[in-house]
There are 2 protein chains.
Amino acid sequence: MSCPCRPLCLVPKPNCSKPDGPLPRHRATGPALARQVMALPLFDGLEHDVLERLMADSTALACDRRTLLFSAGAAADSFYIVLDGQVKLFALTPDGRESIVEVFTPVSSFGEAAMLSMGIFPLHAEVIEDATLIKVGRRAFITTLQSDRAVAYRMLASLCRWHQRLSSEIRHLKEQPPWQRVAEFLLALTDAQVGEALVSLPFNKEILASRVGIRRESLSRVLARLRDMGVRTEGNSVRIDDVRSLRRLCAETGH
Amino acid sequence: MSCPCRPLCLVPKPNCSKPDGPLPRHRATGPALARQVMALPLFDGLEHDVLERLMADSTALACDRRTLLFSAGAAADSFYIVLDGQVKLFALTPDGRESIVEVFTPVSSFGEAAMLSMGIFPLHAEVIEDATLIKVGRRAFITTLQSDRAVAYRMLASLCRWHQRLSSEIRHLKEQPPWQRVAEFLLALTDAQVGEALVSLPFNKEILASRVGIRRESLSRVLARLRDMGVRTEGNSVRIDDVRSLRRLCAETGH
DNA sequence: GGCGCCCCTTGACTTTGGTCAGGGTCAAAA
DNA sequence: TTTTGACCCTGACCAAAGTCAAGGGGCGCC
């Protein structure tokens, strides 16, 4: 579960000759892994040895589906990086239903906010697809922050971007009807600007419904209605006949 | 519009004998103003001279209602602190309606996120109640960030808290029916935990409706329904008969 | 095969929020 | 005084999402 030489040696220095300790269930190791972690907006451009030190105080976790990482109210003394698999952050409504706030896919991180502000997780986190995670402790992280002021600045920018994403989601929830939110979600899965696109849903429909803020029955109906607009969905693969025209439809009046 | 001695001399050092330059339309000046600015979570605990330097490169603005501070797409090379009055951040839907994302009241700040991430404002900002603002330039701010690493850390924490607020709002939008969102909004206006409470709405019903994501007609109906639950509203003052029981109602099933 | 489980879909019905139109109150302007 | 405009409420109607119930298809397992 951990690297042979250190708690977690993800970032061998260029001249390191030791064989990379493979992480369970995750294909990338050593340099490839390092490249992935450094691809996180959070750590983008971080110096090699700073990252090395950070990772040395972290642990890698291999978690099965349905593992509960933490519950709301738990002390947040670390945050997580998703290398593989998926993790959902959700709340429980008083009547026992769960509402999914976010789903994290590789490569992304979550929990920094809770860790740095209140020190308490406000939501529950559960692995929904067998996952490989890195757990980064608060102390190590703060040390890193202080060792290099560029890190703090970069992290600030990264949080700001995230902030924008959240506030645009609020906008969408308020001003778009559900079918447009679904359509935009699908469109976000492809880079294509024109013509046809074939995308595959990153998770099942129950979760997708929760992400766009409707029930799964409504999602079914929405997808049925979208069929008339050239969105054919079978299983978890979706073919969009004309990306451009769908985008136009989404941009039109929420009415 | 600006302080007599400097672009903006909000923070006279203790031994400064110059008279405080009064800001138009804003009661607090000099030390009182400094106290207000330092009350911002963003600047909480900032050293006196650091703040002084920051403010020296800022400008104070007295803006009338309906002033457009910036439009979506404009270059974000500064952010704003609200000392007095109110500013709304909103988007325009394709059919010309506006949806308000946030309303800022004293003392708070906005625009940091846009400034630090993309450098472009994603929303429009308009003064909705005659306001006194401080406009802080990017360069000065970044200098401050770098001069004191504690600032960066504090700002990180502050952004994280904000992040939590946003993500809890997303939760509410998804899992609560409008009447609960309205009720929670009202409850957030009082500190009382039990018994009766008398609150006054910080802005008119049109804006309130937009904040909770419904139309003003719906808000009227919601307020009418809330009357049966002991929420009497006349004008912009609202009396809640039993805070405790209303809170309980809100916590119950969104169903 | 037969069974149960999971995921998804569909239909019938109910509830609710949006839309449109009308009207009321109040205060400032003409 | 009347007029105007800002703000708010209400009713009638409609479209859409939630709810409840039923059922289909795929898949692993005994």
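B:Arg65 has its CZ atom 12 Å from the C1' atom of D:dG5, to the nearest Å. Atoms CG (A:Asn204) and P (C:dC5) sit 19 Å apart, rounded to a whole Å. Atom P of nucleotide D:dA15 and atom CD of A:Gln176 are separated by 21 Å, given to the nearest angstrom. At whole-Å resolution of the value, CD in B:Glu206 and C1' in D:dC9 are 14 Å apart. The CZ atom of A:Phe203 sits 17 Å away from the C1' atom of C:dC8 (whole-angstrom rounding). If you take CD of A:Glu234 and C1' of D:dG24, they are 17 Å apart, rounded to a whole angstrom. Distance CG (A:Asn236) to C1' (C:dT9): 16 Å, rounded to an integer number of Å. Distance CD (B:Gln180) to P (C:dT15): 17 Å, rounded to an integer number of Å.
Residues B:Phe70 and B:His124 have side chains not in contact (no heavy-atom distance under 4.5 Å, counting atoms from C-beta outward).
No option in A:Glu184, A:Glu169, A:Glu206 other than A:Glu169 meets the salt bridge (Lys or Arg N to Asp or Glu O under 4.0 Å) test with A:Arg211.
Applying a 4.0 Å cut-off to non-hydrogen atoms, the residues of residues 213-232 of chain A that approach DNA chain C are A:Glu217, A:Ser220, A:Arg221, listed by residue number.
In this model, the phosphate group of D:dA6 is not approached by any side-chain N or O of B:Lys205 to a distance below 4.0 Å at OP1 or OP2.
Note that OG of B:Ser117 is 10.5 Å distant from CG of A:Leu159, once rounded to the nearest 0.5 Å. Atom CD1 of B:Ile100 is separated from atom CD1 of B:Ile128 by 6.5 Å, given to the nearest 0.5 angstrom. Going from atom CD1 of B:Ile81 over to atom CD1 of B:Ile134 covers 4.5 Å, rounded to the nearest 0.5 Å.
Judged by distance alone, the side chain of B:Thr190 and the main-chain N or O of B:Ala192 form a donor-acceptor pair under 3.5 Å.
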